[in-house]
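Every chain is numbered from 1 and lettered A, B, ... according to where its sequence line falls, protein lines coming before strand lines.
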Amino acid sequence: MLKIYNSLTRQKQQFVPIEPGRVRMYVCGVTVYDFCHLGHARFLLVFDMVTRWLRASDYQVTYVRNITDIDDKIIRRAAENNETIRELTDRFVAHLDEDAAALGLLAPDHQPRATDYIGDMVSMITTLERNGYAYVAANRDVCYSVRKFAGYGKLSGKSIEDLRAGERVDVMEGKHDPLDFVLWKQSKDIDPVEARWSSPWGAGRPGWHIECSAMSSKLLGNHFDIHGGGADLQFPHHENEIAQSEGAHAGAFVNVWMHNGFVRVDDEKMSKSLGNFFTIREVLAQYDAEVVRFFILRAHYRSPINYSDVHLDDARQALSRLYICLKAVPATSETGTSGPLSIDWNSPHAQRFRAAMDDDFNTPEAIAVLFDLAAEINRGGAAELAQVLRALGATLALLQRDPQVFLQATPVTVDGLSAQGIEAQIAARAAAKKSRDFVESDRIRDTLKAVGVLLEDTPQGTTWRRA
RNA sequence: GGCGGGGUAGCAAAGUGGUUAUGCAGCGGCCUGCAAAGCCGUCUAGAUCGGUUCGAUUCCGAUCCCCGCCUCCA
């Protein structure tokens, strides 16, 4: 039985889908005005893992991940670059898709762009106005009246009285309450035409929060199972979504709220505003995508993780152990990369693995099972165990490659020898060994080692891998 | 100031009221021409101070420290 930590109730709860066998999940995506960084990679990989595990658990999942393609930063960046908003956002949507593919992510079932749903947002704001939650402020912006919504603060555990809106940032003039947030922003003369849509309140553009309420209800219905995102979205973004969606539609909005922890650098949150970020492509230039996935999944999704080369190197070493184990097992027809392997969930390792994953997606524990399995295989366990290892790895999108390919993959930053060059050296060494010229054979091995190529003599001959 | 999450061995990271987490690194051994890989063995834990308990890293309280949210942020 799957249990998930629900941010709304602050406890792990048994997961019960609204519709048996089906899961509808909405995850807040990215604002497209710059390259994605490792923090984005984390939420992308975490909810990719969640989707895969739900599917492995025989749920039919509808996964929606949105794209925010209109906001202040986008408008500003487009102006700085002297390009249209659409040019800017199209480019970064394309980059996002490239990064997602490079990370080996499943495509979401829907990837809605906010600007394609302006009409739905307008009608939702109209409903909120009719229901008495929205008002037109003195500056003509349409705002949400937070105090009218009884449940405000239930997700973030904050009480309206304790919030200190305006303490750090000036409060917009004309709001009835400093905590009220904008639903519809009135256009100003300096705003580009591209950022204006007509509405009952005049030309303008939507506030940030309304897009997720409008798009989720459009694509998943007014009430759905899981809503996810980074922990920094819990307040105010997700709190405001609840206020909007439950204010517009009577009844519950989301059953389970999931929030992933941050990626840190030197114990500080990695973020665009702090400027301490590494883009996904920068990291992938140095590390294999599977190593990055392994690094992320090695920690529980709610825990913070620190990014550093040392940790990525460590992850690579650890993952290599699993691949080395698989390499030593003779491949059968089933070990090919084609098609998912079936899993015997009654086997002891699979049971442990599933128990871990069902316990709020405890991937560190699940991965520990993988290592126990590898140890057993290395000890001379049955060859079928290698199938189990691969099949369980598959549910995390790990261990699906030819071990040789993984172990010999060249980091882009290394201008090492070609495979052919290495094979030639190995042949030369074999000849030296045959004539028992160990000085020469060791010299060759040391030379290769110096450029990061490790040789291993096995009964089947010499193999190599990258250090 | 309010709210929330943490402090586990050299590093990373889980579970757990009593029995080996796991990985990387280290040390000893086996294997090897020598290595590597692997196997066997092994050393470094649970911020501090109290309490509950036959027994606490695990429960309770206090203290110290770190991080996050309260502003755009995954």
* To do: Decide whether a cation-pi geometry holds between A/R302 and A/Y5; the criteria are a distance under 6.0 Å from NZ or CZ to the six-membered ring centre and an angle within 45° of the ring axis.
  => yes
* **Interatomic distance at P, B/A37 relative to B/A45, whole Å** => 27 Å
* **Distance, C1' atom - from B/A14 to B/C24, rounded to whole angstrom** => 16 Å
* Would you tell me whether A/D71 and A/T31 have side-chain atoms, one donor and one acceptor, within less than 3.5 Å of each other? => no
* Look at the side-chain N and O atoms of A/T463 and state whether any lies under 4.0 Å from the OP1 or OP2 oxygen of B/A37. => no
* **Any N/O donor-acceptor pair, A/D442 side-chain to B/G33 base, under 3.5 Å** => yes
* How does each nucleotide of nucleotides 23-30 of chain B score, in 5' to 3' order, for protein heavy atoms under 4.0 Å: base (B), sugar-phosphate only (S), or none (-)? -> BBS-----
* To do: Using heavy atoms to find the nearest nucleotide of RNA chain B for A/I305 and A/N260 separately, return the residue whose nucleotide is more 5′.
  => A/I305
* Does A/K433 make a side-chain N or O approach to OP1 or OP2 of B/C34 shorter than 4.0 Å? -> no
* Reckon A/N362 has a side-chain N or O less than 4.0 Å from the OP1 or OP2 of B/A14? -> no
* To do: Find which nucleotide of RNA chain B each of A/A368 and A/H311 is nearest to by heavy atoms, and output the residue with the more 5' nucleotide.
  => A/H311
* Structure fact -> Closest non-hydrogen contact found for A/K154 with A/R10 is O-NH2, 2.9 Å
* To do: Give A/G380 one of three labels, base, sugar-phosphate or nothing, depending on what nucleic acid heavy atoms sit under 4.0 Å from its own.
  => nothing
* **Per A/T31 side chain, nearest of listed nucleotides B/A35, B/A74, B/A14** => B/A74
* RNA chain B base-pair string [pairs: Watson-Crick or G-U under 3.5 Å; |: paired with another strand] -> (((((((..(((.....[...))).(((((.......)))))....(((((..]....))))))))))))....
* Within the structure shown, what part of the strands sits under 4.0 Å from A/H259 by heavy-atom distance: base, sugar-phosphate, or nothing? -> nothing
* Asked: Taking atom P in both B/U58 and B/C49, what distance in whole Å separates the two?
  -> 13 Å
* **Nearest-Å distance once atom P is located in both B/U48 and B/U8** => 11 Å
Using a cut-off of under 3.5 Å, enumerate the N/O to N/O pairs linking the protein to nucleotides 40-43 of chain B.
unit_1, atom_1, unit_2, atom_2, d
B/C40, OP1, A/R379, NE, 2.8

Less than 3.5 Å apart, which donor and acceptor atoms pair up between the side chains of residues 254-261 of chain A and the rest of the protein, not counting sequence neighbours?
unit_1, atom_1, unit_2, atom_2, d
A/N255, OD1, A/H223, NE2, 2.7
A/H259, ND1, A/S7, OG, 2.7
A/H259, NE2, A/H238, ND1, 2.8
A/N260, OD1, A/G230, N, 3.4

* When rounded to the nearest Å, what value does the distance between C1' atoms of B/G10 and B/C27 take? -> 13 Å
* To do: Answer yes if the side chains of A/T68 and A/E211 hold a donor-acceptor pair under 3.5 Å, and no otherwise.
  => yes
Output a table of nitrogen or oxygen pairs between the protein and nucleotides 64-67 of chain B separated by less than 3.5 Å.
unit_1, atom_1, unit_2, atom_2, d
B/C67, O2', A/R264, NH2, 3.2

* How far does the C1' atom of B/G61 sit from the matching atom of B/U53, given to the nearest Å? -> 16 Å
* To do: Grab the CG-P distance between A/L179 and B/C69 for me, whole Å please.
  => 18 Å
* To do: Report yes or no: do A/E83 and A/N81 form a side-chain donor-acceptor pair below 3.5 Å?
  => yes
* Asked: What integer number of Å spans the C1' atoms of B/G46 and B/A13?
  -> 13 Å
* To do: Taking the six-membered ring for Trp and the full ring for Phe, Tyr or His, determine whether the centres of A/Y307 and A/F278 are under 6.0 Å apart.
  => yes
* **Residues that A/H95 engages under ring-ring contact (aromatic ring centres under 6.0 Å, His included), provided they are two or more places apart** => A/F35, A/F92
